[in-house]
J.: 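Okay, handing you the structure first.
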Amino acid sequence: MDPLSSLHPTRLPLTPALRALRLCLHLLMAGLLVLAAVRADSAAGTVMAAVVGAVYAAGSFLPSVGRSQRAAALWLGVLGASWLALLWLTPDALWVAFPLYFLQLHLLPARWSLPAVALTAGAAILSYVGHGAALNPGVFIGPLLGGAVAVATVLGYQALYRESERRRRLIEELIETRAELAAAERHAGTLAERERLAREIHDTLAQGLSSIQLLLRAAERALPPGSPAAGHIDRARQAAQDNLAEARRFVRALSPPDLEHGSLAAALERLCEPGAGGPRVRFSVSGTPAELPTPYEVALLRIAQSALANTVRHASASRAEITLSFMDASVTLDVVDDGKGFEPGSVRQSREGGFGLPAMRSRAESLGGTFTVESAPGQGTAVAVSLPLPAGVSA
């Protein structure tokens, strides 16, 4: 494991740029150690340069240096101690401080790496002075400037990498959200088409077959006894009755999935199941439940879903209540919340359609019902829809 691929919070995956920097660091360290060994005044300096090179190479092959911060710090300590010994023997070893800066910045946390860089620069300056070199501004500026460049390079690259990673995650989230939105739109389109077909079948074919059956019953009663047409009328009435039952089966099959396995009350109660971060919702039924036509159930369920979605999305409410009431001649649905409220007159048709107040009103009025909204800023919102019970249905 290479020393540059480390695990503390500032460590970064080996991108092509980091691989190139790693190779440059290896070459820089090797070149500076060769320079120190060649220019050493004694055999001890040459040997110590080889020792520093061996310690550096060992860190590149020890997996623990890349996995453990403690092992990395220990390796850096041994490498630093051997460098100080080389620095004691030859002033040319001070140039090795520059690759050491990068190692310290990559392997140590920021609270330790910056002091370590400062101490390394100070040791290089003291060694140069200790070997009797003439004092000049370059003695101080060189190591300090090198440390500053190393810090700026490493920290700047880390900041750029974090920014690129943040952008990459945002792009991935955007792609996932777009895919989810497309799937949701397809699902919503499928449900809308199923509801439209169910409504069309109920309002046209089913009603027409029901009328044909009633007319055939009236014709059958008007026939004189023993009329040869009686059998044909009976068979026609039976065919109309069978086709009416088939049309109603189609309507049930095309109804929303929430209504396929239970009543409207059960579907509304499922809407009140706790959700992440949403308000607490309670459901109640008033009066004696009656079996409603499928278009009624679909309209009431969709209005409840839309009203509750508006509550979750816009109202910032902590509590909401859904009430389904069966009365003698009508069925009503009330959705009330304790949210921040709004001015009903300021609401316009949403571009998306199908989830706003105008769409709810249109659903109710298409079945001969009424739709009202009561709200004011800071006083919550109450949505109420009332549909007249069709003939033959009583609570």
Side-chain angles (χ1 to χ4, degrees), residues 1-32 52 55-80 83 94-125 140-184 276-277 313:
M1 179 67 70
D2 192 90
L4 288 182
S5 56
S6 41
L7 298 178
H8 68 77
T10 62
R11 294 171 181 174
L12 306 175
L14 282 181
T15 62
L18 274 182
R19 290 192 179 92
L21 288 175
R22 177 181 63 177
L23 178 60
C24 292
L25 181 65
H26 291 338
L27 295 176
L28 179 63
M29 177 65 82
L32 293 176
V52 174
V55 173
Y56 177 82
S60 299
F61 293 100
L62 289 175
S64 59
V65 173
R67 294 174 184 165
S68 169
Q69 188 173 318
R70 180 176 297 179
L74 179 62
W75 174 72
L76 271 180
V78 175
L79 182 63
W83 172 70
L94 70 88
W95 304 111
V96 179
F98 293 103
L100 286 178
Y101 294 153
F102 288 97
L103 289 174
Q104 290 162 348
L105 290 168
H106 274 282
L107 289 172
L108 297 176
R111 66 179 183 276
W112 299 112
S113 61
L114 296 179
V117 169
L119 290 174
T120 302
I125 294 172
F140 300 93
I141 295 175
L144 293 176
L145 183 61
V149 170
V151 170
T153 301
V154 173
L155 297 184
Y157 183 84
Q158 290 171 353
L160 288 175
Y161 179 82
R162 286 192 295 268
E163 179 65 18
S164 66
E165 282 295 291
R166 186 183 70 84
R167 290 176 180 270
R168 182 184 62 80
R169 288 193 297 270
L170 287 176
I171 291 173
E172 290 178 352
E173 292 176 1
L174 178 61
I175 293 174
E176 292 177 0
T177 302
R178 186 170 61 183
E180 292 174 358
L181 180 60
R313 194 175 308 159

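Just the heavy atoms: all of them, side chains too, but no hydrogens, waters or symmetry mates, feed the values below. Everything numeric here is computed off the predicted structure, so don't read it as measured data.
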J.: Taking all heavy atoms of V78 and all of V55, pick out the closest pair and write down the distance.
T.: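 V78 and V55 have their closest heavy atoms at CG1-CG1, 3.9 Å.
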J.: Is the shortest side-chain heavy-atom distance between E165 and R169 below 4.5 Å?
T.: yes
J.: Can you name the nearest heavy-atom pair linking V52 to W83, along with the distance?
T.: CG2-N, 3.9 Å
J.: Is it the case that more than 12 heavy atoms not belonging to R168 sit under 6.0 Å from its CZ atom?
T.: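 Yes, enclosed.
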J.: Which heavy-atom pair separates W75 from Y56 by the least distance, and what is that distance?
T.: CZ2-O, 3.6 Å
J.: Mind checking the CG-CG spacing from L28 to L23? Nearest 0.5 Å is all I need.
T.: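 Result: 11.0 Å between the selected atoms.
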J.: CG of L119 to CG of L100: how many Å apart, nearest 0.5 Å?
T.: 12.5 Å
J.: Decide yes or no for Y101 and V151: does some side-chain heavy atom of the first lie under 4.5 Å from some side-chain heavy atom of the second?
T.: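 SC-SC contact between Y101 and V151 ruled out.
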